[in-house]
Amino acid sequence: MTKPSIPKGTRDFSPVEMARRNYIFDTIRSVFKLHGYAPIETPAMENLSTLLGKYGDEGDKLLFKILNSGDAFAGIQAEQWNNSNALTLQVCEKGLRYDLTVPFARYVVQYQNEITFPFKRYQIQPVWRADRPQKGRYREFYQCDVDVIGSRSLLNEVELLQIIDTVFKKLTIPVTIKINNRKVLSGIAEIMGASDKLTDITVAIDKIDKIGLDAVKQELREKGITEQAIAQLQPILLLSGTNEEKLEKLQNVLSSSATGMLGIEELRTLFGYCNATGITQKIELDLSLARGLNYYTGAIFEVKADDVAIGSICGGGRYDDLTGIFGLKNMSGVGVSFGADRIYDVLLQLDKFPAAATENTKIIFANLGEQEISACLQYVQQLREAGIVAEIYPDTAKLKKQFEYADKRSIPYVAIIGEEEVKQGIISVKNLQTGEQQMCSIETLRAQLSS
RNA sequence: GUGAUUGUAGCUCAGUUGGUUAGAGCGCUAGAUUGUGGCUCUAGAGGCCGGGGGUUCGAAUCCCCUCUUUCACCCCA
């Protein structure tokens, strides 16, 4: 018999892993709520027409499509088999969600008359991509999105930065928050005389950390950017100094671009606001930060863990026209997404999961037989009412086996109630860590375990 | 989608130019110890060598196909 398995790129989560994942989700969720964001959920599947064309050609290929129920191929003509793209649309009307942003845009447009704007929501759900799995990349993974839509104020950006700051402070992960602005990038493309190549430029310079300056220049050449334009770009990418110094230098370069100057102004305002907050994580203006997604129009963010070499663990930005594709214009929004799976890896590597994240049963009552069970049931109930996680070993097995069970599950206390204990109305309790054993009353036990 | 890589016991892995009945450590089960875990000792169970096809007197080992694992690119969280 072949062993059962799960699909490529998916994962099972053990109890220990779930405890840790929930610690991350609970932390993130509590911070979202604290800043006034409310949860929504959307279905795992969307109409394929909602998803197609929103993520570029690459994205369309990575969509999981769902075969229509019933006889999906009924009525398909022989010649239709030759055009697989058209055939797919014939037999698949639904697809699994690819991210949380597009379903959110659909949600906002669909319920626009019921929503009070600015609309602040968060969403923590899995998404699916038919990508080839590799390090830190899965076909099913969770995103934790927080967005506010229907407000152009930069205070929203500040609030998101505060959320980022608080989340990573609570998780005790030192990070650097990188900030840039798409308008600045547009301005750079403009003075390079390559405004039409903005997407190519952003995709290329986004890789500078990974592949280095020379490789980026090579890629720009291949995309048809002129040597002269590349020469203009280089000093901008290599800007150094404080955020204010960078802005100062950049202002001189971009003075002829109205869009670029607007971006600089936004960055100035944002940094100014940030100084008034208690944000303590490092905030850094990084002109090489671009982010591939081309719906961003203003601020863009990315968060990297300081001590772990892993991709970004959080990212986002402002988009002015996300809902336009669904017919609702002039609805500016800004949001960020936390990558729970990568945060998990970072916490594991830094050994920063709190012990409580894996905490379990506090005490288990050994099962010695029918005579003693009713006493155990009463005691367990009393402990549970006091909020102590307690249980009874379900089978009347050898004590050795019951102790081994407690030991393997790292349950710290074993209670033994036999003939003698029942007669005296007391409990024998063994501490498995110290090996000490004592007899006490249920009241004493409850008080001891509560502390 | 492109290029590599992996698969042998529950887990981590050995396995000689192809040669009888495929091994180890850990884990598991039972006992030493019938009211006490960890340490120790003894015994035992557990494998269609990822799957399919081929070469051969003979295949875990060689060839082909397929699935799977991991990694890089593309893209992305």
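Each chain gets a letter, A, B and so on, in the order its sequence line appears, and its residues count up from 1.
Within 4.0 Å (heavy atoms only), A/Lys398 reaches sugar-phosphate atoms of the nucleic acid but no base atom. The residue A/Gly136 sits close to a base: some heavy atom pair falls under 4.0 Å.
For A/Arg342, the side-chain atoms get nearest to B/C76 when compared with the rest of B/C76, B/C74, B/U69. In this structure, the nucleotide among B/A77, B/G35, B/U36 sitting nearest to the side chain of A/Phe403 is B/U36. The A/Arg137 side chain lies nearest to B/C74 when the options are B/G37, B/C74, B/C71.
Taking the six-membered ring wherever Trp is involved, the centroid distance between the rings of A/Phe168 and A/Phe338 falls below 6.0 Å. For A/Tyr37 and A/Tyr122, the distance between ring centers is not under 6.0 angstrom.
The base of B/U36 is paired with the side chain of A/Lys430 by a donor and an acceptor separated by under 3.5 Å. Counting atom types as modelled, A/Arg132 pairs a side-chain N or O with a base atom of B/U2 as donor and acceptor under 3.5 Å. A donor-acceptor contact under 3.5 Å is not formed by the side chain of A/Arg129 with the base of B/C75. Checked by distance alone, A/Gln437 brings a side-chain donor or acceptor within 3.5 Å of a matching partner on the base of B/U36.
Between A/Tyr98 and A/Tyr55, the angle of the ring planes lies from 30° to 60°, which puts this pair in the tilted group.
Looking at RNA chain B, the stems built from 3 or more consecutive Watson-Crick or G-U wobble pairs, each pair with its key distances under 3.5 Å, are B:1-4 with B:70-73, B:10-13 with B:23-26, B:28-32 with B:40-44, B:50-54 with B:62-66.
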